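In this text, all values refer to a predicted model and were calculated from it rather than measured experimentally. Throughout, a chain's letter reflects where its sequence line sits, starting with A, and its residues are numbered from 1.
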Amino acid sequence: MKSKLIAIVGPTATGKSDTAVALAARTNGEIISVDSAQVYRGLDIGSAKIKPSEMIAADGTAILHHLLDYLDPKEDYNIARFQIDAKAAIEDIQQRGKTPILCGGSGLYVHSLLNTSYQLEKEPGDAAYREELKELAAVKGLTYLYQRLQEEAPELAKKIHPNDEKRIIRALEKSRHGATKAPELNWESPYDLAIFGLYLPREILYQRIEKRIDQMLEAGLVAEVKSLLDQGVDPGSNALTALGYKEIIGYLAGRYDLEEAIRILKRDTRHFAKRQLTWFMRDPRIIWINITNMSDSDRPHKKFSILSSRKIKSKGEYL
RNA sequence: GGAGGGGUUCCCGAGUGGCCAAAGGGGGCAGACUGUAAAUCUGUUGUCGACGACUUCGAUGGUUCGAAUCCAUCUCCCUCCA
């Protein structure tokens with residue numbers, strides 16, 4: 001018998017965090033953040049991390065959050081580590097008799113938890129070899145690497161575009177450790193699963209994104225980035241290449257003015273939201289909820305009542 | 001008032017007689033995605049009953065078998081001189 005698990009997904013700026021808190025309060029749940037930027041300490045404003053005060057539900061229940069703020073921004077991170085950490089958190093929550101609620105917008109990370117085909121432990125990483133391949137790409141050209149991949153692991157090469165350096169290198173890395181082909185995608189979940197997607201029409205979504213970015217600026221995003229830099233975090237680090245950070249860094253480095261940085265950040269965030277949408281729309285298990293006509297104040301409640309009463313519109317219905 | 005430069009597809013910007021529905025970039029839209037994923041990469045972007053047709057390169061008229069490209073007039077913008 002599979003154990004129960006709830007997930008709240010959707011593009012950025014749709015109010016996933018609030019919804020998850022409201023839901024957790026009613027389901028005796030704890031929240032696991034599925035977000036590649038919010039794992040870092042000090043990335044608060046730009047990553048739109050939930051504040052401690054917001055972790056208290058309307059009825060006063062304090063909701064526990066996992067996988068937030070547990071990494072130094074100087075550390076590198078990856079999906080394999082995330083999978084281990086998140087699975088441990090899920091198990092921990094379940095053992096205490098609570099309901100794990102996944103909440104986040106990193107599509108790949110969500111997949112790695114909810115699809116049995118993601119057996120990352122079978123595909124070890126090889127940092128040294130990766131560096132070597134990067135060198136090779138720079139010296140001999142990407143085409144050379146791609147051809148090498150085609151010879152070594154044609155099945156792997158088939159799924160990768162010749163321009164996609166990161167994936168070519170990773171595939172070569174896998175091939176060296178015995179992989180010959182990519183795993184099949186499936187929608188089989190290890191859990192008794194309910195995934196809810198928060199949906200907003202594109203136009204409204206984009207408005208909310210812009211508004212949220214303006215608020216981040218007001219809340220001191222520039223100062224946050226400066227402080228991270230002052231702490232010696234490398235501008236090219238994993239943490240600082242996140243949205244909201246790399247754009248402000250460009251401004252601080254004098255590559256353009258603040259106005260331009262904001263423009264770029266808004267644009268990049270729109271692009272990101274689209275990618276998130278593309279990712280989640282593929283997943284046939286997601287139950288989509290159109291939250292257009294819910295105001296900010298009643299959103300958590302309404303969202304919750306929709307989720308709990310199961311008066312849910314399916315993807316097909318609202319589209 | 002005089003001299004010069006320029007108005008190109010959503011935007012920027014190339015194109016100086018046919019190979020131009022028009023390079024390139026941006027933006028938009030769509031997609032991929034299994035150890036950097038808020039990353040990386042791809043496709044598409046005048047209209048249509050669509051291996052063809054139609055409309056487009058400030059406007060109008062002309063030259064030519066053929067024009068975004070040449071000529072004339074008009075119009076708007078920019079620079080310099082007065």
Side-chain angles (χ1 to χ4, degrees), chain A residues 11-13 16 33-40 43 45-49 71 73 75-86 104-131 133-134 137 142 146 155-156 158-177 179 181-187 202-203 206 209 212-213 216 221 234 236-249 260 263-283:
Chain A
T12 185
K16 295 185 292 292
S33 164
V34 187
D35 188 299
S36 61
Q38 295 184 358
V39 294
Y40 290 111
L43 272 68
I45 299 172
S47 73
K49 193 182 290 165
L71 280 184
E75 261 187 87
D76 275 340
Y77 199 58
N78 60 52
I79 185 183
R81 282 186 62 188
F82 172 79
Q83 196 188 42
I84 292 167
D85 297 339
S106 299
L108 177 67
Y109 283 19
V110 172
H111 264 194
S112 77
L113 262 19
L114 303 186
N115 289 31
T116 54
S117 65
Y118 282 71
Q119 301 185 329
L120 270 18
E121 68 282 0
K122 292 184 181 165
E123 307 170 334
D126 188 333
Y129 188 48
R130 191 178 301 182
E131 283 309 310
L133 291 170
K134 239 186 248 178
L142 231 203
Y146 188 69
E155 287 296 312
L156 244 32
K158 257 203 296 203
K159 294 189 69 178
I160 298 171
H161 189 96
N163 288 347
D164 201 339
E165 176 167 338
K166 286 191 181 185
R167 291 211 174 82
I168 293 171
I169 290 178
R170 167 93 265 253
L172 247 11
E173 203 181 309
K174 282 192 200 179
S175 151
R176 180 185 231 195
H177 289 86
K181 63 177 184 201
E184 284 291 310
L185 175 68
N186 69 35
W187 299 111
R202 198 64 58 89
E203 197 184 338
Y206 286 180
I209 286 173
R212 172 133 103 174
I213 289 172
M216 286 178 180
L221 178 59
D234 190 286
S237 67
N238 206 208
L240 290 187
T241 47
L243 266 175
Y245 297 88
K246 60 172 178 292
E247 293 85 358
I248 298 299
I249 285 172
E260 174 69 357
R263 207 206 96 234
I264 296 173
L265 173 54
K266 287 180 176 174
R267 179 200 63 190
D268 289 353
T269 306
R270 285 196 301 269
H271 289 170
F272 171 52
K274 170 57 177 71
R275 268 180 277 134
Q276 290 179 298
L277 236 24
T278 300
W279 200 293
F280 294 128
M281 284 297 180
R282 264 177 88 187
D283 191 333

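Comparing Arg81(A) and Asp164(A) along RNA chain B, the residue whose closest nucleotide (by nearest heavy atom) sits nearer the 5' end is Arg81(A). When each of Gly244(A) and Glu123(A) is assigned the nucleotide of RNA chain B bearing its nearest heavy atom, the one mapping closer to the 5' terminus is Glu123(A).
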Grab the N/O contacts between the protein and nucleotides 42-44 of chain B below 3.5 Å, and write none if there aren't any.
{"unit_1": "U42(B)", "atom_1": "OP1", "unit_2": "Asn163(A)", "atom_2": "ND2", "d": "2.5"}

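Heavy atoms of Ala37(A) sit under 4.0 angstrom from at least one base atom. Using a 4.0 Å heavy-atom criterion, one finds that Arg263(A) contacts no nucleic acid atom at all.
Taking only side-chain nitrogens and oxygens, Tyr245(A) never comes nearer than 4.0 Å to OP1 or OP2 of A39(B).
Considering only the side chain of His271(A), G27(B) comes nearest among U36(B), G27(B), G35(B). For Arg202(A), the side-chain atoms get nearest to A30(B) when compared with the rest of G27(B), A30(B), A32(B).
Here Tyr206(A) pairs with nothing under the ring pair (Phe, Tyr, Trp, His ring centres under 6.0 Å) rule; sequence neighbours left out. Take Lys246(A) and apply the salt bridge (Lys or Arg N to Asp or Glu O under 4.0 Å) test, not counting sequence neighbours, and it matches no residue. Partners of Asp164(A) under the salt bridge (Lys or Arg N to Asp or Glu O under 4.0 Å) rule, at least two apart in sequence or in another chain, are Arg167(A).
Atom CZ in Arg176(A) sits about 17 Å away from atom P in G35(B), given to the nearest Å. The separation between Lys274(A) atom NZ and G28(B) atom P is 11 Å, rounded to whole Å.
Separation of the P atoms belonging to G4(B) and G17(B) is 22 Å when rounded to the nearest angstrom. C77(B) sits 39 Å from A50(B) when the C1' atoms are compared, rounded to a whole Å. Taking the C1' atoms as reference points, G6(B) lies 14 Å from A68(B), given to the whole Å. Taking the P atoms as reference points, U44(B) lies 12 Å from G25(B), given to the whole Å.
Listed by first and then second residue, the salt bridge (Lys or Arg N to Asp or Glu O under 4.0 Å) pairs involving residues 113-127 of chain A are Glu123(A)-Lys174(A), Asp126(A)-Arg176(A) (not counting sequence neighbours).
With rounding to the nearest 0.5 Å, the separation of CG in Leu243(A) from OG in Ser47(A) is 11.0 Å.
Across every strand in view, A39(B) sits unpaired, with no contact that passes the Watson-Crick or G-U test at under 3.5 angstrom.
Side-chain atoms of Arg167(A) come within donor-acceptor range of the base of A39(B), with a qualifying N/O pair under 3.5 Å.
At least one side-chain heavy atom of Phe82(A) sits less than 4.5 Å from a side-chain heavy atom of Leu113(A).
Applying a 4.0 Å cut-off to non-hydrogen atoms, the residues of residues 112-121 of chain A that approach RNA chain B are Ser117(A), Tyr118(A), Leu120(A), listed by residue number.
Between Glu75(A) and Arg81(A) a salt bridge is recorded (basic side-chain N to carboxylate O distance below 4.0 Å).
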